[in-house]
Colleague: 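Dropping a structure here in structure tokens format, bear with me for questions.
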Amino acid sequence: MKSVGIGIVGCGNVFDIYMRGLISDSHVRVVRCADIDLARAREAAGRHNIPAHGTVDELLQDPGVEVVVNLTPPTVHMEVTEAALKAGKHVYSEKPLALDLDSVRKAIALAGTTGRRLGAAPDTFLGGAAQTARAVLDEGRIGAPVAATAFFVHHRAESWHPDPTHLFKPGGGPVLDLGPYYISLLVSCLGPVAEVASMSHTGQKRRVVTAPNRRVEVVEAEVATHSAALLRFVSGAVCVVQLSFDVWDAHLPFVEIYGTKGAMSLADPNGYDGDVLIKMKEGTSWDPVSPVMPPQAAHGSGDQFRRGLGVADLATAIRTGVPHSTGPDFVYHVLEVLLAIETSERSAAVTQIASRCERPRSMANTAAHA
Ligand SMILES: NC(=O)c1ccc[n+]([C@@H]2O[C@H](COP(=O)([O-])OP(=O)(O)OC[C@H]3O[C@@H](n4cnc5c(N)ncnc54)[C@H](O)[C@@H]3O)[C@@H](O)[C@H]2O)c1
């Protein structure tokens with residue numbers, strides 16, 4: 001398969017993390033990078049031997065760029081995505097794809113008109129842990145799913161990113177920053193969501209940035225920083241979700257799914273791999289499930305949190321003509337659920353989810369993992 005030319009827009013914090021994932025994949029080759037800050041684009045190209053760098057316009061005019069990977073901050077995502085689609089490029093955007101559903105509908109329509117693909121992060125649900133969990137469910141090993149829990153709580157948002165401003169603005173917050181990993185995994189495993197109820201709180205509005213390489217000292221939170229939500233899936237299964245930038249510590253699992261015949265515990269959906277454990281109703285211990293695919297990276301290594309599988313999946317789909325796993329219906333539905341968590345918080349009412357999607361195909365033994 002001829003490799004697919006990638007152009008990356010946005011050379012900030014996550015750029016190197018993507019490069020670590022993309023350079024190890026033979027389906028893609030990064031041919032150019034761009035940033036509004038030209039020095040950042042030049043330095044990023046230098047660090048990774050990327051043949052060309054410069055402005056976004058130059059990247060969009062480069063015939064060698066087939067797919068634009070959009071790594072700009074959330075408020076900029078749609079502007080870059082639309083410009084790339086209009087320039088005839090396929091697009092893979094970081095999450096959230098947009099801040100509202102109207103913009104996503106427009107982008108999906110534009111992709112249809114231009115005959116280009118539109119995909120979006122996260123891609124961790126394509127990794128070994130999520131796919132192993134998916135196989136457990138598809139094989140009926142824990143019976144019919146009845147309920148689930150999903151927790152991601154911490155107080156570190158201001159301690160690791162040199163400029164965490166976007167993490168506390170619209171498009172950020174724990175719901176839109178962390179939620180995509182969880183809701184994508186749950187929809188991939190359990191199917192679409194029918195309704196959402198949620199409440200929120202902000203523990204601390206003024207965040208003092210403590211990241212050692214910080215570029216800002218203080219960020220004011222403009223979005224809720226603690227959300228507790230209930231999801232009802234179309235299947236009838238119900239899920240408790242808690243997403244927070246306000247919890248100093250906790251003893252909570254990441255994700256658990258409870259079936260009629262047993263229970264399953266999953267690894268952190270922010271990474272690709274990790275143990276999947278099941279305990280059957282007549283069992284006495286939590287037992288590891290054999291992974292359905294080789295690990296993406298060494299156990300416990302930082303490479304568990306690299307990115308790029310979704311780009312490789314999109315590239316393979318372009319060449320082979322099959323649907324990509326982060327397709328429009330799926331990413332639209334996941335975003336509708338995430339935005340409904342925020343809407344329900346504001347309206348203090350249960351929010352109905354209008355969209356439905358198919359679960360993405362199982363990834364075990366597909367080309368992107370070969
Ligand atoms: N940082 C991470 O570890 C991480 C992990 C997963 C996902 N993400 C997602 O990746 C995206 C980027 O995050 P980040 O942490 O790298 O942000 P960042 O602020 O560090 O970097 C964003 C880059 O985009 C550039 N930019 C801004 N507007 C632009 C425009 N109009 N055209 C071209 N370039 C522009 C900025 O100059 C900056 O270099 C976000 O959507 C975030 O949710 C980040």
Side-chain angles (χ1 to χ4, degrees), residues 7-22 32-45 47-48 53-60 65 68-84 87 89 91-99 103 119-127 152 154 156-184 209 211 213-216 219 223 243 245 268-272 302-311 326 331 334-335 338:
I8 302 184
V9 178
C11 306
N13 190 265
V14 79
F15 182 91
D16 288 353
I17 300 172
Y18 263 86
M19 286 306 299
R20 279 216 301 278
L22 294 177
R32 185 181 270 274
C33 61
D35 198 292
I36 202 165
D37 180 337
L38 294 177
R40 268 195 208 174
R42 186 179 60 245
E43 284 156 24
R47 278 197 307 283
H48 298 281
H53 60 86
T55 65
V56 177
D57 279 350
E58 285 166 347
L59 183 143
L60 296 182
V65 172
V68 169
V69 175
N70 182 356
L71 305 185
T72 58
T75 48
V76 183
H77 283 171
M78 233 340 110
E79 159 193 334
V80 171
T81 292
E82 272 189 13
K89 309 297 184 189
V91 176
Y92 181 88
S93 171
E94 250 305 332
K95 44 73 183 169
L97 181 55
L99 305 194
S103 301
D123 61 4
T124 46
F125 74 93
L126 306 177
F152 195 90
H154 69 68
R156 292 191 301 278
E158 56 269 45
S159 74
W160 65 273
H161 199 295
D163 180 0
T165 308
H166 73 259
L167 299 177
F168 294 96
K169 302 275 179 213
V175 173
L176 287 179
D177 185 55
L178 301 169
Y181 298 105
Y182 286 77
I183 304 304
S184 299
V209 181
N213 52 346
R214 61 187 171 278
R215 293 197 299 273
V216 293
V219 179
V223 290
L243 300 161
F245 288 164
D268 178 359
N270 196 3
Y272 287 131
D303 277 352
Q304 279 298 331
F305 300 99
R306 69 189 177 186
R307 298 289 181 259
L309 213 44
V311 179
T326 61
V331 295
V334 169
L335 185 60
L338 292 164

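The model shown is predicted, which means the values in this text are computed figures rather than measured ones. One-based numbering, in listed order, for ligands and for the atoms of each.
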Colleague: Which heavy atom of the protein is the closest neighbour of atom 42 (C) of ligand 1, given with residue, atom name and distance?
Modeller: His166 NE2, 3.9 Å

Colleague: Heavy atoms, side chains only, cut-off 4.5 Å: are Phe15 and Asp35 in contact?
Modeller: no

Colleague: Among all protein heavy atoms in this structure, tell me which lies nearest to atom 34 (N) of ligand 1, with the distance rounded to 0.1 Å.
Modeller: Ile36 N, 3.2 Å

Colleague: Would you call Leu178 and His154 a side-chain contact if the rule is heavy atoms closer than 4.5 Å?
Modeller: yes

Colleague: I need the atoms of ligand 1 closer than 4.0 Å to a non-hydrogen atom of Glu79, numbered in the order shown.
Modeller: 31 (N)

Colleague: Judging by distance only, is a nitrogen or oxygen of His77 under 3.5 angstrom from one on ligand 1?
Modeller: yes

Colleague: Does the side chain of Asp57 pick up a donor-acceptor pair with the side chain of Thr55 at under 3.5 Å?
Modeller: no

Colleague: Given 3.5 Å as the limit, does a donor-acceptor pair link the side chain of Arg215 with the main chain of Asn213, or not?
Modeller: no

Colleague: Could you grab the distance from atom CZ of Arg42 to atom CG of Asp37, nearest 0.5 Å is fine?
Modeller: 9.0 Å

Colleague: Name the closest protein heavy atom to atom 32 (N) of ligand 1, giving the residue it belongs to and the distance to 0.1 Å.
Modeller: Val56 CG2, 3.7 Å

Colleague: Say whether, by atom type as modelled, one donor and one acceptor occur between the side chain of Tyr272 and the main chain of Leu309 under 3.5 angstrom.
Modeller: yes

Colleague: Does His161 reach ligand 1 with a nitrogen or oxygen that is under 3.5 Å from one of the ligand's nitrogen or oxygen atoms?
Modeller: yes

Colleague: Measure from the side-chain N and O atoms of His77 to the backbone N and O of Pro96, and report whether any donor-acceptor pair falls under 3.5 Å.
Modeller: yes

Colleague: Starting from atom 1 (N) of ligand 1, what is the nearest protein heavy atom, named by residue and atom, and what distance separates them?
Modeller: Asn13 OD1, 2.9 Å

Colleague: How far is atom 10 (O) of ligand 1 from its nearest protein heavy atom, and which residue and atom name does that atom have?
Modeller: Glu94 CG, 3.2 Å

Colleague: Have a look at ligand 1 and work out which part of Lys95, if any, has a heavy atom under 4.0 Å from it: side chain, backbone, both or neither.
Modeller: both

Colleague: Find the distance between CD (Glu79) and CG (Asn70) and round it off to the nearest 0.5 Å.
Modeller: 9.0 Å

Colleague: Below 4.0 Å, non-hydrogen atoms only: which portion of Trp160 touches ligand 1? Side chain, backbone, both or neither.
Modeller: side chain

Colleague: By number and element, which atoms of ligand 1 are closer than 4.0 Å to a non-hydrogen atom of Val9?
Modeller: 33 (C)

Colleague: With Asp16 as reference, evaluate Arg47, Arg307, Arg306, Arg40 under the salt bridge (charged side-chain N to carboxylate O under 4.0 Å, His left out) test and give the passing residue.
Modeller: Arg47

Colleague: Taking only heavy atoms of Ile17, which atoms of ligand 1 are found under 4.0 Å from at least one of them?
Modeller: 3 (O)

Colleague: Taking distance alone, with no angle check, do Asp163 and ligand 1 share an N/O pair under 3.5 Å?
Modeller: no

Colleague: Run the numbers for me: atoms of ligand 1, each under 4.0 Å from some heavy atom of Tyr181, listed by number.
Modeller: 6 (C), 7 (C)

Colleague: Please examine the side chains of Val209 and Trp160, heavy atoms only from C-beta on, and report whether any two atoms are closer than 4.5 Å.
Modeller: no

Colleague: Please confirm whether Phe152 and Tyr181 have ring centers closer than 6.0 angstrom.
Modeller: no

Colleague: Consider side-chain contact (heavy atoms from CB on, under 4.5 Å). Of Leu167, Val223, Leu335, which one does Leu176 pass it with?
Modeller: Leu335

Colleague: So, is Val76 polar-close to ligand 1, with some N/O to N/O distance under 3.5 Å?
Modeller: no

Colleague: Does Cys11 approach ligand 1 within less than 4.0 angstrom via side chain, backbone, both or neither, non-hydrogen atoms only?
Modeller: backbone

Colleague: Is ligand 1 under 4.0 Å from a heavy atom in the side chain of Leu71, in the backbone, in both, or in neither?
Modeller: backbone

Colleague: Does Ala120 offer a backbone N or O that forms a donor-acceptor pair with the side chain of Ser93 under 3.5 Å?
Modeller: no

Colleague: Quick one: do the His166 and Asp177 side chains pair a donor with an acceptor below 3.5 Å?
Modeller: no

Colleague: I'd like to check which ligand 1 atoms, numbered from 1 as shown, lie under 4.0 Å from a non-hydrogen atom of Arg40.
Modeller: 36 (C), 37 (O), 38 (C), 39 (O)

Colleague: Flag Gly10 as yes when one of its N or O atoms lies below 3.5 Å from any N or O atom of ligand 1, and as no otherwise.
Modeller: no

Colleague: Just need the protein heavy atom nearest to atom 21 (O) of ligand 1, so name the residue and atom and give the distance.
Modeller: Gly12 CA, 3.2 Å

Colleague: In the protein, which heavy atom is nearest to atom 11 (C) of ligand 1, and how far is it?
Modeller: Thr72 O, 3.4 Å

Colleague: Quick one: nearest non-hydrogen protein atom to atom 16 (O) of ligand 1, plus distance?
Modeller: Val14 N, 2.8 Å

Colleague: Considering Asp35, Asn70, Ile8 one by one, which has a heavy atom nearer to atom 36 (C) of ligand 1 than any of the others?
Modeller: Asp35

